[in-house]
2 protein chains.
Amino acid sequence: MATIYEVSKLAGVSLATVSRVMNKNARVSDKTKKKVLEAMDTLGYRPNAIAQSLASNCSNSIGILVSELSGAFFGQMMSGIETELRAAGKHVIITTGHSEEEKEKDGIEFLIGRNCDAIIAHVEAVSDEYLIEINKGKVPVYSMSRHVEALKDKCISLDNEAGGYLATKTLIDLGHTNIAYIAGPQFKADASNRLQGHKRALKEHDIEFDENLFYIGDFREIGGSAGLKHFLDEKFNFTALVCANDEMASGAMKYAREHNINLPEQLSIIGFDNVIFANYLYPTLTTIDNPVDEMGKMAAQLVLRDVYQQKKLEIERVFEPTVIVRDSVSKLTN
Amino acid sequence: MATIYEVSKLAGVSLATVSRVMNKNARVSDKTKKKVLEAMDTLGYRPNAIAQSLASNCSNSIGILVSELSGAFFGQMMSGIETELRAAGKHVIITTGHSEEEKEKDGIEFLIGRNCDAIIAHVEAVSDEYLIEINKGKVPVYSMSRHVEALKDKCISLDNEAGGYLATKTLIDLGHTNIAYIAGPQFKADASNRLQGHKRALKEHDIEFDENLFYIGDFREIGGSAGLKHFLDEKFNFTALVCANDEMASGAMKYAREHNINLPEQLSIIGFDNVIFANYLYPTLTTIDNPVDEMGKMAAQLVLRDVYQQKKLEIERVFEPTVIVRDSVSKLTN
DNA sequence: TTGTACGCGTTATCAT
DNA sequence: ATGATAACGCGTACAA
């Protein structure tokens, strides 16, 4: 691989001049610039990113920490981030936390050790205090889908409480009053906020929260099946079901079909996230839209602005959820 | 951040010695080793990965190129790769190619520019020749899900032809003879190989390949809906449908339901890949298993062995597909 | 506008 | 076993 030194020799200029034409900031005469460019071309010169990083103390890489690499939710999120960052010539280093405190911390320190200029993390198990503490260090850690007041300038999140409210309110407006709820793991901030929204909607309509109609799932299909099975086995009375994400809704729908429950006539189901396959389920899933790709894009822009002093776009930090009405929910008929 | 220099000063040894205790290869006396370790500890020393890379000419990072970051298929693939690599202390830099030749080349060169020690690529648009050519360079490029004979030591792939054969054969064995086929984009090697397998199965059973019952989709849900719509609009006669991947099968199933076609009584549908949601569709999707996560893991092991001289595991380069029987396929009843 | 020289934090090659 | 010292490839004051 040709180095900057060889380029300078071929072009008959100094190392510094070559460096200057690369980092367009300094002024170089057109003549010499042309000579250098030509030399680069004939040598097929490619700057060594590692050496650049070492000298400039800037790696042009952004660390991303997600819970899982698979799953529609994270896929869309990563996609939003990477597209935006790549267009700006940055690159992403991706690793996983698996929703476990130790692994999440490991992941973040791993990314710091890799000299990332910033980290965008979707963490669920570490404490707010840890996030605050780690942010006192050199590399800024941005939080996705989780709001920490002390770090609000570094958070991009959906108003999950409003989303949870919206989901339940949608069912109530259709006449349902016996509404079961399958929640996500409550140590996860978004899961807990969604539940709070659910409770607020109930309260607002004088419906008492019923522990019997509450089940904590795992945000995966199996959690939805297990939750619905639980409610049915116990013969509890309900006409509608809120699932705290679409995967669980899918699992619940599968279980319902296997047990000959007509959807949505006998049971209305609403999901959360509006992942891609929600529109291909049967019946198509009514759900709460969670624009994760947009949020990922926004997080990337935030980093570009704060860390690399690029652009000056308006940053939207808290996204508002909306209902996507499809076929899995119907009016309560007596 | 403490540097190796400060550690050496505090421990009262030279830079070289500190470096030696880090890279456990060389022999250092237990006494000095202990001193150094203590110094590192009190200073909270963390080696600078960038500087290590520059000096050792090894970045400990592996580039991954996928078509998309979202989608069950790529999610599982990345997950398999990352888990294995991370456990070995390596990290992944992920970027996308979007199935377009220019972007795929861009992506690969981007990763090379980032000094990746190796690249694992799922490419679809670039030519075999390009892959061969790029592999003459310093950084080895491994290919996922695409077999290139001249590069067979660097390829991890599913026998897609056998899979395509298996899918169609499954239907034939159930009595179907009018079998429609929705293919993937034919410039993609896996799509083309699956189709070849389909044709072989037909031929083997003296069924003529019917252009009318052939449609080229896009590997996404929409392609499946469009394909089935096409066949139905033209009123072609068929009792079974092979979709070259599960997404298209999902799209076709949705379209079928919307047009009151009973599945699988009136139409048997088989998919390909066995992505996670295949088991949550209605009816649950019979499909060809494609162990992408296993293949990702294997690719990672291959890199670990060839590039980092780790382990000496047996590498499995070509995986055999199997049928996963579920509910979307039934016997032909006259 | 251009060139010189030093620094970035390691590894690696010699000596000792 | 340990210590100097030269790379590694580039950015950047400072000088010219």
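On a predicted model such as this, the values are computed, not experimentally measured, just so you know. Every chain is numbered from 1, with letters handed out A, B, ... down the list of sequences.
For residues 6-16 of chain A, proximity to DNA chain C is found at A:Gly12, A:Val13, A:Ser14, A:Ala16, defined as any non-hydrogen atom under 4.0 angstrom from a strand atom. At a non-hydrogen distance threshold of 4.0 Å, B:Leu54, B:Ala55 from residues 45-57 of chain B come into contact with DNA chain D.
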Donor-acceptor pairs under 3.5 angstrom involving side-chain atoms of residues 61-74 of chain B: please list them, not counting sequence neighbours.
| residue | atom | partner | partner atom | Å |
| --- | --- | --- | --- | --- |
| B:Ser61 | OG | B:Ser59 | OG | 2.9 |
| B:Ser67 | OG | B:Glu124 | OE1 | 3.0 |
| B:Glu68 | OE1 | B:His98 | ND1 | 3.1 |
| B:Glu68 | OE2 | B:His98 | ND1 | 3.2 |

Side-chain donor/acceptor pairs under 3.5 Å, residues 41-52 of chain B, sequence neighbours excluded:
| residue | atom | partner | partner atom | Å |
| --- | --- | --- | --- | --- |
| B:Thr42 | OG1 | B:Ala39 | O | 3.1 |
| B:Asn48 | OD1 | B:Ile50 | N | 2.8 |
| B:Asn48 | OD1 | B:Ala51 | N | 3.1 |

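Rounded to whole Å, the distance from CD1 on A:Ile4 to P on C:dG3 is 12 Å. Separating the OH atom of B:Tyr5 from the P atom of D:dG3 is a distance of 13 Å, rounded to the nearest angstrom. D:dT2 atom C1' lies 15 Å from atom CG of B:Asp30, rounded to whole Å. As rounded to whole Å, 9 Å separates atom P of C:dT10 from atom CE of B:Met40. Regarding A:Lys35, its NZ atom lies at a distance of 8 Å from the P atom of C:dG3, rounded to whole Å.
The number of heavy-atom neighbours closer than 6.0 Å to NZ of B:Lys105, taken from other residues, nucleotides and ligands shown, is above 12. For A:Arg220, the CZ atom is loosely surrounded, since the number of other residues' heavy atoms within 6.0 Å does not exceed 12.
A distance-only check finds a donor-acceptor pair linking the side chain of B:Ser8 to the backbone of B:Tyr5 [under 3.5 Å]. A donor-acceptor contact shorter than 3.5 Å links the side chain of A:Glu104 to the backbone of A:Ala125. In this structure, B:Asn135 contributes its side chain and B:Val141 its backbone to a donor-acceptor pair below 3.5 Å.
Residues forming a side-chain contact (heavy atoms from CB on, under 4.5 Å) with B:Arg86 (at least two apart in sequence, or on another chain): A:Thr95, A:Asp106, A:Phe110, B:Glu82.
A salt bridge does not link B:Lys9 with B:Glu6: every distance from a Lys NZ or Arg NE/NH1/NH2 to an Asp or Glu carboxylate oxygen is 4.0 Å or more. One finds no salt bridge joining A:Glu38 and A:Lys35 here, because no Lys/Arg side-chain nitrogen approaches an Asp/Glu carboxylate oxygen to under 4.0 Å.
The C1' atoms of five pairs define one axis at each end of the helix from C:dT1-D:dA16 to C:dT16-D:dA1, and these two axes lie 30° apart (to 10°).
In this structure, A:Ser29 reaches the C:dT2 phosphate: one of its side-chain N or O atoms is under 4.0 Å from OP1 or OP2. OP1 or OP2 of C:dT2 sits under 4.0 Å from a side-chain N or O of A:Thr32.
Cation-pi geometry between B:Lys188 and B:Phe219 is not met at under 6.0 angstrom from the ring centre and within 45 degrees of the axis.
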